[in-house]
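One structure below.
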Amino acid sequence: IFEDRNQSIWVSIGKALKRIDVKTQKLTQLPPEIETNETLKAANIRVIAQSKNGELWFGTEGLGLFQYNSNTKLIKRHVHDINNSNSLPINIVRTVFTNTDNQLWIGTRDGLSVLNINTNKFYNYKYNTFDSKSLSHNSIRCILKDRSGNIWLGTYAGGINFYAAGSNNFTYIGQKNNGKLGLSHRVVSSILADGNALWVGTEGGGLNYIDRKNLVTKSYVINSMQQN
């Protein structure tokens, strides 16, 4: 579910894409160029985002990334090209985040991809066994930018990766071990900023609270008795 700047809500249900007018609370027809694009219509859309230039981006499960410009009425599809290192690393897109006017951060199942919208080049970052400052895992589930300009990446089985503004390296916060700063589970599905703290949703370890200033973490879980 995504609300664009024109107060339209876009909803993807499997392979069905719908648009709702917030003011009238009624379904509205999709733009003709989207309605007649058979590839996009057949796609399982996982994420919808809007860049600062107003373009809409549709990340899919297996068909890559679609770019829609409502002014030119054009749809462009970005896919993995085995012969081009500056293409998407894989056609499975999990999340899309607008970082700057001309830059998108794209979380895929095979690494982080940063797209320069002006040049249409993708710069890819992946896990490297021999580099402790690389990503901790290639499956990126969520992306958050805090008020200091730092970027936080939630991964499927590699905890959180922290990218400091102006850096080219990643810092890793994994599952808590021997009392060190860490999470209750390494599978992260969502991240929310709260001042100098973060709330982190995990799959299997409940909700985590990270106090970055005091380097303290807490976890909150629902036990089986409470669930019943």
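Owing to the predicted nature of the structure, the values given are computational and were not obtained by experimental measurement.
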Original post:
Looking at the rings of W105 and Y163, which for Trp means the six-membered one, are their centres under 6.0 Å apart?
Top reply: yes

Original post:
In chain order, what residues pass the salt bridge (charged side-chain N to carboxylate O under 4.0 Å, His left out) check against R141, with sequence neighbours excluded?
Top reply: E203

Original post:
If you measure from CG on L144 to CG on L198, what distance do you get to the nearest 0.5 Å?
Top reply: 6.5 Å

Original post:
Hey, do the aromatic rings of H78 and F122 have their centres closer than 6.0 Å?
Top reply: yes

Original post:
Do K145 and N99 meet the criterion of a side-chain donor-acceptor pair at a distance under 3.5 Å?
Top reply: yes

Subject >> In one Ile/Leu/Val/Met/Phe/Trp/Tyr side-chain cluster, 4.5 Å: F97, L65 >> reply: no

**OP:** Determine, stepwise, if the pair E55 / Y68 fulfils side chain to side chain donor-acceptor pair (under 3.5 Å).
**Re:** CA-CA 6 Å; E55 291 181 323; Y68 170 59; over 6 Å; no

**OP:** Kindly say whether N196 contributes a backbone atom to a donor-acceptor pair with the side chain of R212 at under 3.5 angstrom?
**Re:** yes

**OP:** Go through the steps for N44 and T60 under the test side chain to side chain donor-acceptor pair (under 3.5 Å), then give the verdict.
**Re:** CA-CA 5 Å; N44 183 351; T60 73; over 6 Å; no

Original post:
After noting the C-alpha distance and the side-chain angles of F170 and W152, does the key distance pass the ring pair (Phe, Tyr, Trp, His ring centres under 6.0 Å) rule?
Top reply: CA-CA 9 Å; F170 297 92; W152 302 79; over 10 Å; no

Original post:
Yes or no on side chain to side chain donor-acceptor pair (under 3.5 Å) for S113 and N124, after CA distance, side-chain angles and deciding distance?
Top reply: CA-CA 4 Å; S113 196; N124 300 318; 2.5 Å; yes

**OP:** Of all the heavy-atom pairs spanning A165 and S148, show the shortest one and how long it is.
**Re:** CB-O, 4.2 Å

Subject >> Among I173, V188, L192, side-chain contact (heavy atoms from CB on, under 4.5 Å) partner for V200 >> reply: V188

Subject >> Nearest heavy-atom neighbours spanning S184 and Q175 >> reply: O-NE2, 3.6 Å

**OP:** Give me the one residue out of I13, I9, I20 that meets side-chain contact (heavy atoms from CB on, under 4.5 Å) with I1.
**Re:** I9

**OP:** Indicate the atoms forming the closest heavy-atom contact of N91 with V79, along with that distance.
**Re:** OD1-CA, 3.2 Å

Original post:
Which pairs pass side-chain hydrogen bond (donor to acceptor under 3.5 Å, both in side chains) with one or both residues in residues 7-17, sequence neighbours excluded?
Top reply: D4-W10

Original post:
At their closest point, which heavy atom of F66 faces which heavy atom of A43, and how far apart are they?
Top reply: CE1-CB, 4.5 Å

